[in-house]
Each structure stands twice: as C-alpha cells, then as structure tokens.
Amino acid sequence: MVSVTLPGERDALLSPTAETAGKIHVQIRGLSKRYPGQTQDALKEVDLQVKRGEIFGIIGRSGAGKSTLIRCLNRLEKPTRGQVVIDGIDLSTLSDRQLVDWRRGTGMIFQHFNLLSAKTVRENIELPMKVAGVPAAERRRKVDELLALVGLEQRQHAWPAQLSGGQKQRVGIARALVHDPELLLCDEATSALDPETTRSILALLKKINQQRHITIVLITHEMDVVHDLCHQVAVIDQGEIIERGPVWQVYSNPQQETTRQLLNPQFSALPEVIQPLLTPTRERGDSRLLVRLRYTGQGAQPDLAALSARVGGELTLIYSAVEWVDSKPTGQMLLLLDAQHDADAARTRLTPIADQLEIPGYVTGY
C-alpha cells in the first residue's frame, strides 16, 4: 500500500482560529464512574483538557469507557467522583433547571440518528426550538439556514424512512446545531455509515468546525475518523486514558500496544510475503537487507532522491504509508537494499534521513 497526502491539504481544514486557540474549553478532573452493582470503575481518574475550537477525539475498543465518558460530559451520567468543568462552569453545581438550559447550548450527535419517524426532515430539525419556545419566524429562518449547511434543502419534506443513513445523520447534525452550540459532542457519529458516507460526514464536521469555530469532542473506535478529523486524540482502555497528544504524534509514534493496534495496526507488521523469507543474519550472498524508515514528525523528510543517492545500487520499495499531519510527515517506508549492504553500513547511511531506523533482518529469494 502506498498512501501519500500532501502537506497543507488536510491541515488547512483542521486549524482553530488564532483568536480562540489555546483557551481551555473543557476540563475533566479526576473523573471516575462506577455503576450500581459493579465492583470496578467504568472510568478511572480521567484527566483531560480540550481547547476551544479544536476537534478532540477519544478512541478505544468497545467497552473501554468511551460512551460513559461522553455521557458524563453532558451529565446524562452522574460521575461517582471528579469534575467536568465547561467554560469555567462545574456541571455538578447546576440545578436540574440550569442543566436543561445548559444542555440546550451543547449539541449532541448520536450513532443511530434518533429521528422521529412521524416527522419530516424539517420538523425533526425544528422540534428542539419548538420545545424551547422559539418564535415560529425564527424557527423557519434557522431551519432554512441549517438545511443549506447540511445540504438537505431538496429533502426537507421527506420522512426519515425515505432517507439514506448519511442523510439521516445530516439531519441529526442540523438538529444538534439549532441552538448555536459552542460545544458539539459526537457519540460514534459515523460507525453506522459506509466508508464513502463517513467521508462526507467528516467533511461536513470539518466545515462546521471551521465556519462556526465549534469545539467538537467525539468518541470513536475508527482509526480513520481520528486521523482525518481530529487535532488531538486520547486513547482510553479499561476506563483509563493510556495515551494522549496531537494526532500526528500519537499516530506516528504510539507508545502503548493498545494504541498501536487501534491507530496504526501496521506499525510493526511485515507483509505476509516477506515474513517467511526473513532471517536475522545473511544466509546467502544475494540476501538483501530489509530496513524500516519511520517518520514521526521530528524533522526527517521522506526524500526518495536523497535516499537513492545515499544507498546506491538496487532499491526495492516493499511498503509505504507516509502522509502529512499538521504539516509533519508521519508514517513509514519498508525497503530492501542491494545485497552489498550490511546492517552497519545501512545505519551509517540512512540514520540521517529518517527519524527512526529499524533493521528487521535479511530477505532471501524475494
């Protein structure tokens, strides 16, 4: 597989404005949750900060605690211990009425859309404003605006049963924006969608983040969602945050095995065709050295011309997955060098042009 994304192609869409960048929007402190009748915490002392205007992903396997965490963020679940502070407000200090008012200013997008089957697209979007007592003229204006934003003007009078999964999720996104929230929570918003539809929904969320500077917190088990959408990511496993940081950093150089399996399953794997041919030492004169060049955003560039000039001789690209995240090259290349090269020579010549160099061994008969 060869995957290359040009610098700036993705990152221009993923940058909070200079005005809002750096300010803490969501603060989670020592958050723990144990459900009645359980002997273990579903969440264990979770600490996270989300900056205003960024897209923050929380990734983990099923049962890791993702849904519990996001439900604690909008107080659908009451934490056993700890605090959720949003815009300086400790949610635990709000009365029931104040909590209802606060939730109206926080959008929520669900995995299964939660549309009312007896109401049209337009009526589903309008309903939260109707419940809140928004005047009819203002409701019409807002619904028209949101239909245009999500691209459903031509489907506004359709029933949910007449919509595709992606169209239903667009209705859900529009409905979540009716009260102009500054925070948008996404609960596995794309996991029920096919890959093409997922890409369109992610593009819509990027546009919303750009145009409205809304902070987005999403939970997912999908690697591509985190990679394509988020600025920051936290990995949750058995209720604990085991790793966090900028997406480029966590994706290119994961520190935990769970993270490697979730974000970069090819981090250590070798192609199946190579594995039976690999030995730790050179078995024959024509055995070729296998090297892995890793790019982790530390400054090295995947320059093929420089690479070829340094090693000389025959050079075979076995696998490549390098892309730019936050204008930094991340990923790896797996190469077979000419039979004249040994491990010491390869380290001397290639170390300067990669952030990390690994030598799995020698390949014979490829």
Rounded to the nearest 0.5 Å, what's the gap from [atom1] on [X] to [atom2] on [Y]? Could you check?
| X | Y | atom1 | atom2 | answer |
| --- | --- | --- | --- | --- |
| D237 | T259 | CG | OG1 | 8.0 Å |
| Y362 | L290 | OH | CG | 11.0 Å |
| R170 | K168 | CZ | NZ | 15.0 Å |
| L357 | T351 | CG | OG1 | 4.5 Å |
| L218 | I59 | CG | CD1 | 9.5 Å |
| L147 | I125 | CG | CD1 | 4.5 Å |

If you draw a 6.0 Å radius around [atom1] in [X], do more than 12 non-hydrogen atoms from other residues or ligands fall strictly inside?
| X | atom1 | value |
| --- | --- | --- |
| E138 | CD | yes |
| Q238 | CD | no |
| K207 | NZ | yes |

Say whether [X] and [Y] are linked into one hydrophobic cluster, either directly or through other cluster members, by side-chain heavy-atom distances under 4.5 angstrom.
| X | Y | value |
| --- | --- | --- |
| L94 | I28 | yes |
| I58 | V226 | no |
| W248 | V250 | yes |
| F56 | I219 | yes |
| V85 | V46 | no |

Could you tell me if the side chain of [Y] sits less than 4.5 Å from the side chain of [X], heavy atoms only?
| X | Y | result |
| --- | --- | --- |
| L350 | V291 | yes |
| L149 | I208 | yes |
| L334 | L317 | no |
| V121 | L115 | no |
| S287 | T279 | no |
| V84 | L31 | yes |
| T316 | E314 | yes |
| F113 | L163 | no |

Return yes if some donor-acceptor pair links the side-chain N/O of [X] with the main-chain N/O of [Y] below 3.5 Å, else return no.
| X | Y | answer |
| --- | --- | --- |
| S32 | E45 | yes |
| K33 | T68 | no |
| R288 | L337 | yes |
| S308 | L304 | no |
| R155 | Q162 | yes |
| K328 | T296 | no |
| N209 | I214 | yes |
| R282 | G361 | no |
| Q98 | S95 | yes |

Do you know the tightest heavy-atom contact between [X] and [Y]?
| X | Y | result |
| --- | --- | --- |
| G30 | D47 | N-OD1, 2.7 Å |
| G245 | Q249 | CA-OE1, 4.4 Å |
| A346 | L289 | CB-CD2, 3.4 Å |
| G166 | I201 | O-CD1, 3.8 Å |
| Y295 | V322 | CD1-CG2, 4.3 Å |
| P181 | A176 | CG-O, 3.4 Å |

Side chain to side chain contact (heavy atoms under 4.5 Å, CB included) with L127: of R175, K119, R139, only one passes, and it is K119

Please determine whether a side-chain nitrogen of the Lys or Arg among D180 and K142 lies less than 4.0 Å from a carboxylate oxygen of the Asp or Glu.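 K142 and D180: salt-bridged.
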
With a 4.0 Å cut-off, would you call D144 and R122 a salt bridge?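 Salt bridge between D144 and R122, a charged N being under 4.0 Å from a carboxylate O: yes.
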
Walk me through it: do L184 and L205 pass the test side chain to side chain contact (heavy atoms under 4.5 Å, CB included)? CA-CA 10 Å; L184 190 60; L205 291 173; 4.2 Å; yes

Any chance the side chains of [X] and [Y] put a donor and an acceptor closer than 3.5 Å?
| X | Y | result |
| --- | --- | --- |
| T93 | D90 | no |
| Q261 | T258 | no |
| E283 | T364 | no |
| E188 | H221 | yes |
| E222 | T190 | yes |
| Y35 | T80 | no |

Determine the sole option in R52, E54, H25 for which the side chain to side chain donor-acceptor pair (under 3.5 Å) test with T215 is passed.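 So the option named by the test is H25.
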
Only one of Q27, R29, R244 passes side chain to side chain donor-acceptor pair (under 3.5 Å) with Q49, and that residue is Q27

Of R97, R103, R104, the residue whose pairing with D101 passes salt bridge (charged side-chain N to carboxylate O under 4.0 Å, His left out): R104

Might you work through the salt bridge (charged side-chain N to carboxylate O under 4.0 Å, His left out) test for E145 and R212, ending with a clear yes or no? CA-CA 13 Å; E145 172 195 323; R212 300 183 172 224; 2.6 Å; yes

Using the rule given for salt bridge (charged side-chain N to carboxylate O under 4.0 Å, His left out), can you reason through R294 versus D355, listing the C-alpha separation, both sets of side-chain angles and the distance that settles it, and then say yes or no? CA-CA 6 Å; R294 292 195 188 277; D355 291 318; over 6 Å; no

The test is salt bridge (charged side-chain N to carboxylate O under 4.0 Å, His left out); show your working for R199 and E196 and say whether it passes. CA-CA 5 Å; R199 286 192 292 271; E196 183 177 355; 5.3 Å; no

Run the numbers on R75 and S92 for side chain to side chain contact (heavy atoms under 4.5 Å, CB included), then give the verdict. CA-CA 8 Å; R75 206 68 179 182; S92 66; 3.5 Å; yes

Before giving the answer on salt bridge (charged side-chain N to carboxylate O under 4.0 Å, His left out), spell out for D41 and K44 the whole-Å C-alpha distance, their side-chain angles and the decisive distance to 0.1 Å. CA-CA 6 Å; D41 289 342; K44 304 172 186 176; over 6 Å; no

